[in-house]
Amino acid sequence: MTDPAFRWRTAVLAAASVLPLSAARAEPTIADLLQRIEEQEQKILVLERKLEIQEEADKAAAGSAAVVKASDRGFSLQSADGQNQVKLRGVLHFDGRFMLDDETDLTDQWQATRVRPILEGTVGGIYDFRFTPDFGQGRTVIQDAYVTGRFRPEFQVTAGKFKSPVGLERMQSANDIRFVSRAFPTSLVPNRDLGLQVGGKLVDDRLDYAVAYLNGTNDGASSETFGDVDINDDKEWAGRLFAHPFAESESFVLRGLGVGIAGTYTDQDGTEAQPLLPTYRTPGQSTFFRYRTGTTPTLADGERIRIAPQFYYYVGSFGLLGEYTEVSQDVARTTASGLRRDSLDTSAWQLAASWFLTGEEAAFRGFKPGSVFALENGTWGAFELVGRYHELSVDDAAFVGGVDSFADPAVSARKATAWALGVNWYLNENLKWVLNYERTSFEGGAAGGADREDEEAFLTRVAVGF
């Protein structure tokens, strides 16, 4: 390697040898020097401008660069100004249903009940959208497909397919419900429907309201029952008010109370092809009530009115949820004796309690275990005990008239009463294991006016949500 000192000496000698030649040349004039200075200044200006352009380009690139995030709540791609965002989330519920008696015709089975990739996001800072297909239960349906304009906290407009704003437990996310199956009141309220909704928050966010104009759907059903198209010109109104009267209270005990009331109204007539009447199932998914079908079916024949008072209360590790739902349905049936009409009232209620054994804070939406399951750390996640009682009663008038009745008393029960106990194991914020034992008793529903045999079911679920 060449010595640096040697290189310096060589350079000095070379410069010295050139000096005599330079001296021999004519001395530059002042004009020449000024010209050279001007040329150098121009080069400096050009260089400064290039640096400015590069700096501006770097700032522009930084300002338009997308922000990519990954967390336990999903994956997102967001513009630098936060006005546009796309999120990818998902739900997977893998269930087991095992009947503990031999009287039922249900098959013990494992089932992928919900398989839902969820695409949601925001456009322009105020327009939220959500698209949720579902591939569970061996079918493909669109659960959600809507856009919401958040113009003001008290004025938001939603259009598309979304949850009808009625049932309390129905409004709760499938990831947040404490049991494998929802309770009987949920069997009487609509699920998802197509339409337009106006809603928002009032009184310092203590009062939520929603009013929707929808196609209308059967008790417990969604619009895909009719292929996500309306089969008549009649529509359904739905509305809900839900208040948190003590949300800002200094008393910790009162803050978790929420009370509300919801309802629907429509006037629709069924046909033999679409009677527009529901069937009701147990938590184990056996049908215990249906209206008469066949050549002389019972049909919806006019008004259907639902009313649904509801509440929840969460304090510390304890949670309590209660709701009552009543449906008044006009029906008609043409028989050999003539045309029969009546208005039938069906009601259901539930009371469900939960308690975190490991001390976590209970809430209507979301949960966060105090620890995660990790054998290497000796941590086990969160454990929650749950219990509920619920029942559904059908109007006695539905069974009057013998062979001309609206429902067959030898097949359909007048009342179903169920209680359940369970434990939920939250391994982390995204994974839980649910174990339920549920027993259902009936009034009627068997030949000769006898009561249908009690149904015992063991239900389990592995739920993933992010």
Side-chain angles (χ1 to χ4, degrees), residues 114 116 118 120 128-132 134 141-149 156-174 176-177 182-201 208-242 258 260-268 270 274 276-281 300 303-312 321 323-329 346-350 364-365 392:
R114 296 179 179 90
R116 299 176 181 174
I118 302 171
E120 60 185 13
D128 298 334
F129 65 88
R130 180 167 179 167
F131 175 67
T132 309
D134 190 351
V141 299
I142 302 301
Q143 292 288 352
D144 301 304
Y146 64 81
V147 60
T148 298
Q156 303 180 18
V157 180
T158 300
K161 184 178 181 181
F162 49 88
K163 285 186 178 181
S164 183
V166 184
L168 179 61
E169 190 183 38
R170 176 58 72 188
M171 297 300 293
Q172 197 172 29
S173 167
D176 294 331
I177 60 176
R182 287 183 164 96
F184 286 137
T186 305
S187 300
L188 301 187
V189 300
N191 188 354
R192 288 169 168 84
D193 204 353
L194 292 157
L196 186 70
Q197 175 178 290
V198 176
K201 296 180 179 294
D208 296 344
Y209 81 94
V211 178
Y213 186 59
L214 308 162
N215 284 342
T217 188
N218 293 346
D219 297 352
S222 293
S223 58
E224 64 260 17
T225 303
F226 311 119
D228 279 330
V229 296
D230 203 358
I231 60 174
N232 56 44
D233 293 329
D234 302 312
K235 298 295 178 282
E236 183 167 62
W237 287 96
R240 182 173 185 258
L241 289 172
F242 199 85
I261 189 167
T264 68
Y265 173 82
T266 189
D267 189 329
Q268 299 190 9
Q274 292 288 357
L276 299 183
L277 292 175
T279 60
Y280 302 131
R281 299 177 182 272
E303 292 184 338
R304 178 179 64 217
I305 302 172
R306 300 184 182 99
I307 187 74
Q310 52 201 236
F311 83 94
Y312 62 61
L321 183 149
E323 57 183 329
Y324 171 87
T325 305
E326 181 172 297
V327 182
S328 179
Q329 173 72 66
T346 303
S347 63
W349 66 273
Q350 73 151 321
F364 180 70
R365 286 189 174 90
L392 186 151

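Excluded from the calculations below are hydrogen atoms, water molecules and symmetry mates; all remaining heavy atoms, backbone and side chain alike, are included. As the structure is a prediction and not an experimental result, all values here were calculated from the model.
- The backbone N or O of R170 sits less than 3.5 Å from a side-chain atom of K163, completing a donor-acceptor pair.
- Using modelled atom types, one side-chain atom of Q172 and one backbone atom of F364 make a donor-acceptor pair closer than 3.5 Å.
- For the atom pair D134 CG and R116 CZ, the distance stands at 4.5 Å (nearest 0.5 Å).
- A heavy-atom distance below 4.5 Å is not found between the side chains of T346 and Q329.
- In this structure the side chain of I118 never reaches within 4.5 angstrom of the side chain of Q143, judged on heavy atoms.
- How far CG of L188 is from OG of S347: 7.5 Å, rounded to the nearest 0.5 Å.
- Using modelled atom types, one finds a donor on one side chain and an acceptor on the other under 3.5 Å when comparing R240 with Q310.
- For the atom pair S223 OG and I142 CD1, the distance stands at 10.5 Å (nearest 0.5 Å).
- Taking the side chain as every heavy atom from C-beta outward, N232 and D230 approach each other to under 4.5 Å.
- A salt bridge links D144 to R192: at least one charged side-chain nitrogen sits closer than 4.0 Å to a carboxylate oxygen.
- At distances below 3.5 Å, not a single donor-acceptor pair connects side-chain atoms of E224 with backbone N or O atoms of V141.
- P165 and M171 make their closest contact through CA-SD, 3.8 Å (heavy atoms, listed as atom of the first residue, atom of the second, distance).
- Formation of a donor-acceptor pair under 3.5 Å by the T266 side chain with backbone atoms of K235 is found in this model.
- Looking at D193, its side chain does come within 3.5 Å of a backbone N or O of G216 through a donor-acceptor pair.
- There is no side-chain donor-acceptor pair under 3.5 Å between T148 and Q156.
- The two residues S187 and Y280 make their nearest non-hydrogen contact at O-CE2, 3.7 Å.
- Proximity of a side-chain donor or acceptor of Q197 to a complementary backbone N or O of G195 within less than 3.5 Å is not detected.
- In this structure, the separation between OG1 on T132 and CZ on R130 is 4.0 Å, given to the nearest 0.5 Å.
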Q.
For F162 and L214: C-alpha separation, side-chain torsions, deciding distance, then whether side chain to side chain contact (heavy atoms under 4.5 Å, CB included) applies.
A. CA-CA 10 Å; F162 49 88; L214 308 162; 3.9 Å; yes

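- The minimum heavy-atom distance between K201 and D208, with the atom names listed, is NZ-OD1, 3.1 Å.
- Between S164 and V189, the closest side-chain pair of non-hydrogen atoms is not below 4.5 Å.
- Using a 4.5 Å heavy-atom threshold, the side chains of Q350 and F184 count as separate.
- Residues D219 and R304 come closest through the heavy atom pair OD1-CD, 4.2 Å.
- Here the closest heavy-atom approach between residue E169 and residue A183 is recorded as OE1-N, 2.8 Å.
- Shown here for R306 and N218, the closest heavy-atom pair between the two residues is NH2-C, 3.6 Å.
- The distance from the OH atom of Y146 to the CZ atom of F129 is 11.0 Å, given to the nearest 0.5 Å.
- Distance check: E236 CD to T264 OG1 gives 4.0 Å after rounding to the nearest 0.5 Å.
- Using a 4.5 Å heavy-atom cutoff, the side chains of V166 and T325 are not in contact.
- Looking only at distances, a side-chain donor or acceptor of Q268 sits under 3.5 Å from a matching main-chain atom of D234.
- At least one donor-acceptor pair under 3.5 Å links the side chain of T217 to the backbone N or O of S222.
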